[in-house]
There are 2 protein chains.
Amino acid sequence: MSRPGACRLFLSATFGIPSGTELTRQLSELATPVTVMRGETVETDPTAASLAFLTGGATKLSALAARGRHQIVAFHFGGDIFSIPAEGLHRHVITGLRDSALFLFPARAFYDRAAASPRIMRTLLERSQTALFRCRDKAVNLGRKTARERVAGFLLGMAERLDCPDDEPGCIKLPMSRRDVGESLGLTIETVSRQITELKEAGIIDTRGRSCIVLHDLDQLAAQAGNVEPRDAMSGLAPAAQRVVMVQ
Amino acid sequence: MSRPGACRLFLSATFGIPSGTELTRQLSELATPVTVMRGETVETDPTAASLAFLTGGATKLSALAARGRHQIVAFHFGGDIFSIPAEGLHRHVITGLRDSALFLFPARAFYDRAAASPRIMRTLLERSQTALFRCRDKAVNLGRKTARERVAGFLLGMAERLDCPDDEPGCIKLPMSRRDVGESLGLTIETVSRQITELKEAGIIDTRGRSCIVLHDLDQLAAQAGNVEPRDAMSGLAPAAQRVVMVQ
DNA sequence: CGGTTACATTGATCTTTATCAAGGCAGGCC
DNA sequence: GGCCTGCCTTGATAAAGATCAATGTAACCG
């Protein structure tokens, strides 16, 4: 996937622009093709933000805190675009969950050149917003949810992003280990395991081997996830709070 | 701040473009001016993402989970641009910390029109990335940090964003209550209070009344925040992990 | 196909933070 | 300026999840 021209094809497919243009040539000049095998990690430029285009495979992006603690900040799958910050409060590293291929760009230079194409800027902006909204939901999970809710929500989220393989309906094949799930949910591996066992005992899910999980009852799983209830979540606000409801 | 023309001036100042253009006119047509008094909340269109331009004041953006739980996802101050998602897993509401004024836009329509200006798109993209990076750091704090670390990190972050008032150096006047701090850090009000007391007893900070905090020793506060240590945080990775260090 | 190894599960105990319950104090208002 | 209200602090107890430790098992490999 790192032969010359591959990057231009990928840019073209991602943004819906012709691949033969001067712009795609200029952009692909900035690319560093990287392959990451399962378990390998990639560190990007610590002095500036990078942009990653994952052409195939699956990766995790984790942040490192003091005392060797890791927090997985996002999982990415083939076709995803994501950004890696310069080293600030936490260092970020990309790790392969399976063998993966990606292109790395210096973010600033990429934006400088891409500014010429409204279509590219629009796509980048929308993907960035999606990442932000996902990250906010993660913050809610980490800050306010029980272990049960986090695990149930995680399974639902993965069911949306991973396509159910082969025959078995409602079955997802998790590409990450229990440790990864824990590091994503702010839980220990043991707690994740216990929660999965309990969901299994409740008949809501089932496991097939180590990495396959069958979701029997999506509704019940959603109920376990503790997300906002349809309409009445405003209770709990300060009583004096007024509400100005905007509908645009 | 909601007289006609105010929006165009704000757009012009924010993006560094002339205010008399057709584009600023078209964009300002989409604006809904809103004032939020202290403690009041604003809900945006639940069916589509909104874009908010905070012209003055200070607000919090919180997400609502089941059982009346609130997680503050971000604080915003005058000049900030931020986006509010359509109602997904969690509902989001804006609440005034002080009396505030903002313009609300339907995000999609705003992007459609702003696409004509690379400068606007670039600014929106960079602000979105900053918000994402902040949110990721928050996720690390919520998922992997102790109460002490979260409170120390919070004070440091606020010291950067709030400008130290009047005379007292290293003094910040928090515009939010202890409850808000707790809802931002995934802690109870009591735990926040205890941590502040302990930091005070350690001589690292001091309090002046209810909302002023004097930061005596930024270095020691940073040490308490448990962010990544300069160079050796890779220990703790799987031993087989290889590293491909990219420097661009 | 059986042995090996890393990953996952299960169990017992401990720690951190939430929860419950009083006080204390700051700041607003007459 | 003193009262009053709401916010903050402090203390005692409980619960959720972490940690420590051992066992089980899937998947890889010869």
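Chain identifiers are assigned alphabetically (A, B, ...) following the order of the sequence lines, protein sequences preceding nucleic acid strands; residue numbering begins at 1 within each chain.
- Within the structure, every side-chain polar atom (N or O) of B:T188 is placed at least 4.0 Å from both OP1 and OP2 of C:dT19.
- You'll find a donor-acceptor pair under 3.5 Å spanning the side chain of A:R210 and the base of D:dT25, going by distance alone.
- For A:L97 and C:dC7, the CG to P distance is 13 Å, given to the nearest whole Å.
- Taking only distance into account, the side chain of A:R148 never meets the base of D:dG17 through a donor-acceptor pair shorter than 3.5 Å.
- Separating the NZ atom of B:K145 from the P atom of C:dT16 is a distance of 17 Å, rounded to the nearest angstrom.
- Nucleic acid contact for A:G182: none, since no nucleic acid atom lies under 4.0 Å from a heavy atom of the residue.
- In this structure, A:I196 reaches neither bases nor backbone, as no heavy-atom distance under 4.0 Å exists between it and the strands shown.
- Here D:dT10 is the nucleotide among C:dT10, C:dA8, D:dT10 with the atom lying nearest to any side-chain atom of B:E190.
- Using a 4.0 Å heavy-atom distance criterion, B:S193 is classed as a base contact.
- Using the six-membered ring where Trp is involved, B:F10 and B:F103 have ring planes that are tilted, between 30° and 60° apart.
- The side-chain contact (heavy atoms from CB on, under 4.5 Å) test with B:S62 is passed by exactly one of B:D180, B:I72, B:T41: B:I72.
- Rounding to whole angstrom units, CZ of residue B:R69 and P of C:dA18 are separated by 13 Å.
- Within 3.5 Å, a donor on the side chain of B:R194 pairs with an acceptor on the base of C:dT19, or the reverse.
- Contact annotation: A:T191 reaches the phosphate of D:dA18 (side-chain N/O to OP1 or OP2, under 4.0 Å).
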- request: Would you check, one step at a time, whether the test side chain to side chain contact (heavy atoms under 4.5 Å, CB included) holds for B:T59 with B:L54?
  value: CA-CA 8 Å; B:T59 60; B:L54 187 60; 3.8 Å; yes

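- The C1' atoms of D:dC4 and D:dC8 are separated by 16 Å, rounded to the nearest whole Å.
- Going from atom CD1 of B:I189 over to atom P of D:dG6 covers 14 Å, rounded to whole Å.
- When the P atom of D:dG17 is taken as reference, atom CZ of B:R144 falls 14 Å away, rounded to whole Å.
- When all heavy atoms are compared, the tightest approach of A:G226 to A:K145 is O-CE, 3.2 Å.
- Atom pair A:E183:CD and C:dC7:P shows a separation of 12 Å (rounding to whole Å applied).
- For the residue pair B:S184/B:K60, the side-chain donor-acceptor check at 3.5 Å is not satisfied.
- The side chain of B:L187 approaches C:dT17 more closely than any other nucleotide in the set C:dT9, C:dC20, C:dT17.
- Distance, A:D180 CG to C:dA6 P: 17 Å, rounded to whole Å.
- Between the CZ atom of A:R150 and the P atom of D:dA16 there is a distance of 13 Å, given to the nearest Å.
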